[in-house]
Peer 1: 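Sharing a structure, written as structure tokens. Questions coming.
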Protein chains: 4
Amino acid sequence: MSALPRTERGGRTRARILDVATQVFAERGYHDASIVRITAAAEVGQGTFYLYFASKQEVFEEVVRDLNQRVRRAMVAASSAETGRLAAERAGFAAYFRFTAANPALYRIMRQAEIVAPHVLREHYERIADGYVAGLRAARVHGELAEEIDPEVAAWALMGIGEMAGMRWVLWEQPDGAAARNGATTPEERPGLPPEIFDATMRLVERALSPTAGTPTEGRTA
Amino acid sequence: MSALPRTERGGRTRARILDVATQVFAERGYHDASIVRITAAAEVGQGTFYLYFASKQEVFEEVVRDLNQRVRRAMVAASSAETGRLAAERAGFAAYFRFTAANPALYRIMRQAEIVAPHVLREHYERIADGYVAGLRAARVHGELAEEIDPEVAAWALMGIGEMAGMRWVLWEQPDGAAARNGATTPEERPGLPPEIFDATMRLVERALSPTAGTPTEGRTA
Amino acid sequence: MSALPRTERGGRTRARILDVATQVFAERGYHDASIVRITAAAEVGQGTFYLYFASKQEVFEEVVRDLNQRVRRAMVAASSAETGRLAAERAGFAAYFRFTAANPALYRIMRQAEIVAPHVLREHYERIADGYVAGLRAARVHGELAEEIDPEVAAWALMGIGEMAGMRWVLWEQPDGAAARNGATTPEERPGLPPEIFDATMRLVERALSPTAGTPTEGRTA
Amino acid sequence: MSALPRTERGGRTRARILDVATQVFAERGYHDASIVRITAAAEVGQGTFYLYFASKQEVFEEVVRDLNQRVRRAMVAASSAETGRLAAERAGFAAYFRFTAANPALYRIMRQAEIVAPHVLREHYERIADGYVAGLRAARVHGELAEEIDPEVAAWALMGIGEMAGMRWVLWEQPDGAAARNGATTPEERPGLPPEIFDATMRLVERALSPTAGTPTEGRTA
DNA sequence: AATGAATGAGCTTTCATTCAT
DNA sequence: AATGAATGAAAGCTCATTCAT
């Protein structure tokens, strides 16, 4: 049976296993990610695994929750640095792409979650959507969101756009070194998405949401 | 070794296996969809499977290609019935949701493909995107697509919106019998998506793409 | 059930299967030599196989008997061309090596027979031994075999020497093109064994058997 | 993955599996010696097998190497107890037959190795041959080997004689209880081969090798 | 005479999990 | 807290053989 670690040393062991599990799940898929492999990579015995996690399924769910927390924190951090509502949204979007670029595990693990742990996947999407909805409601209050737009529907649309663009231009391009081409150096500046794609995407998003649609936004790069 | 069936009887057997495999993969996931289960459901011997497919992986890829073909055909059929360009796009979108509602297998199988057969998944998305791009280019020619919108980016955004909305409002709602609640009777009228959601989504899409953005479209139901 | 072929065409089919089976058994071993592979190589349907052989085991035994017949014929033909008794023996030996060089299948198939069809293997060795025994008895009558030598024991010793030398210097050397190095052109002259090894072997054999032992034989090359 | 046992308990388990595998391979042949059968006979779970051996092929090779080591040790032990060179050779020969009589597995497994693990089989023969060559070279130095005899060729001839005689008079006779008939009691005295056959064989060998050939040796029994 | 579709037992191998130490 | 030996069910896949055509 699993339990919370009682000592600091135990805490470190548990964290190491969780970390390694994330990588292994992402690289090999849930089913090929055997406990043997995970424990070997974490340099612990197989039995040790079961001190901290009740089952393979359980680590997987933990991994999903962990990733969800991390990506949401990155998005919140980025958007709360902005003052304008849509500017905040744009910043959050960019943060999402950056996270994806830095943690391709996110995608691959979420894909698996559809089968392995559907309820946790649902939570993942719902929590991100909630963040978008909150942001859009705030924008609405400030008159920055077109009246005819439903924040709920818009939130899921934004997520879909982000996920698909992330897959297409971040993940698939990654081996080609797209990020490097951007010439950006600090993580804050690295957009994840190629800048022209990011701009085109934001233009589309802003046309959809902004009350003053049709007015092209300035071509800022995220 | 697998081979193409040489007799009509063989052709029927192969088709039955492919069909059953689609269901089983969708219901249980690639890993739990054992050959034993597939062949039992298809009511053939296990060896028979290997007359027509070289491996489990191979049927899976075949299933993905088959679904891709079917969904694209449904979309093309629906949109080519319309005359206006964006009307065609709207019709294709609706067809996608209907297909999703009728074949929830599509989603679940594509999610798995990310891990099981990434190159085939890529083909799947690229082929659908190509369809959108072609439609949007045609719309551009007729002045129905805003100048500042990149058809490529828009295509992937549309796919993302469709996929996310389909997951959220078609798949997740399905056990609740949402489709039934709609009161629609013929498959043509069944929108897949609840009509108010479909409308809200189309409003957002049309704001994003149409040159006359900001002008709310009338609330047609797909 | 299998039956003897009734037509000439059937005879050809059966012969083709037997021939192909010999090759496939030699190349892949009894167990990896599947009926599918054999029939495919023979370009007949799987069912056709069972028109001529009752089972896989049966073809194998037939193959063993066939090879035994062929190697004995080669040996008899070679030795009956000689007049001296030990000269005949030497010629038979050489024929054995030549056959081995030309049909490496012989070895590989006999090795398998130990497990797959032990009684047929026994027959194989006993028949060859019988040939040697007959030759040695004739030599004894002509005073060409030392009194203290038991023909039965000598026969099996000769077979052992031939088999081991064939394995060591014919089979194992074969990829190195040892036969080619000999510069011999007609099959009759090709010794199978490198000539210096063949001579050394014959010297040893003749010392063992000849009544005038210790008298080195002239270094003829087979 | 297989690994060396890390505890004493593991060492015992591995040894038991290796031992049982030798018997099962000899009795049923490589192919019919299923892992299920081996592990059942060793009274361990199937998975346990794979803790110590990577595959069926791997145990088989290990078994071959193990047998090779044991038979060579038996031969060396027997021949190093003798002082005369050819006496040593004779003692080694006898040891070989005794080993064969006590471990019929040797033959049956080596036959299989031709197909299953040819390179290991080759090592097996080469190592034994090396032993003979060393012995014969030493005999040559002491003037106990005829000048015209090539030690290399003689070594392989001796192996061939030993193998064939062992097959014919040890293995094939065994079910008839030949060894028992010999009336020998201690393993040292049990010749493996019926004494008259052993003597006849040694006579032949000594004629072939000894510089004073033609001089019948006294009919000592091994 | 010839075929190829169909079968299911049986193979090797993997893996999450338990437990004694 | 940590380990690694042990397990056995279950997986994917092959194959000799049968049989309807």
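Here is the naming used below: chain letters follow the sequence lines, and residue numbers restart at 1 for every chain.
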Peer 1: Counting only side-chain heavy atoms from C-beta out, which of F:dA1, F:dC15, E:dT12 sits nearest to C:S34?
Peer 2: F:dC15
Peer 1: Counting only side-chain N and O atoms of D:R37, is one of them less than 4.0 Å from OP1 or OP2 of E:dC11?
Peer 2: yes
Peer 1: Would you kindly check whether a donor in the side chain of B:Q46 faces an acceptor in the base of E:dT7, or vice versa, at under 3.5 angstrom?
Peer 2: no
Peer 1: Parallel, tilted or perpendicular: which fits the ring planes of B:F60 and B:F25, with parallel below 30° and perpendicular above 60°?
Peer 2: perpendicular
Peer 1: Among F:dT3, F:dA16, F:dT7, find the nucleotide with the atom closest to the side chain of D:T48.
Peer 2: F:dT7
Peer 1: If you draw a 6.0 Å radius around CD in A:Q57, do more than 12 non-hydrogen atoms from other residues or ligands fall strictly inside?
Peer 2: yes
Peer 1: Nearest to the B:S55 side chain among F:dA1, E:dA16, F:dC13, which nucleotide is it?
Peer 2: F:dC13
Peer 1: Does C:Y50 place a side-chain N or O at less than 4.0 Å from the phosphate oxygens OP1/OP2 of F:dT17?
Peer 2: yes
Peer 1: Output the rounded distance in Å from NE2 (D:H31) to P (F:dC15).
Peer 2: 8 Å
Peer 1: Does the side chain of A:Y52 get closer than 4.0 angstrom to OP1 or OP2 of F:dA2 through an N or O atom?
Peer 2: yes
Peer 1: If I take atom CD1 in residue B:I38 and atom C1' in nucleotide E:dG8, what distance separates them, rounded to the nearest angstrom?
Peer 2: 17 Å
Peer 1: Closer than 4.0 Å, any side-chain N/O of B:R9 to the OP1 or OP2 of E:dA6?
Peer 2: yes
Peer 1: Taking atom C1' of F:dC13 as reference, at what distance in whole Å does atom CG of B:L51 sit?
Peer 2: 12 Å
Peer 1: Regarding D:V36, tell me which of base, sugar-phosphate or nothing describes its non-hydrogen contacts under 4.0 Å with the strands shown.
Peer 2: base
Peer 1: Does a side-chain N or O from A:T13 land closer than 4.0 Å to OP1 or OP2 of F:dA2, or not?
Peer 2: yes
Peer 1: C:F49 has an atom CZ; how far is it from atom P of F:dT17, in whole Å?
Peer 2: 8 Å
Peer 1: If you look at every strand shown and take non-hydrogen atoms under 4.0 Å, does B:I35 touch a base, only sugar-phosphate, or nothing?
Peer 2: sugar-phosphate
Peer 1: Of the nucleotides F:dG12, E:dT18, F:dT3, which has the atom closest to the A:V44 side chain?
Peer 2: F:dT3
Peer 1: Which of the following nucleotides, F:dA1, F:dA6, F:dC13, is nearest to the side chain of B:K56?
Peer 2: F:dC13
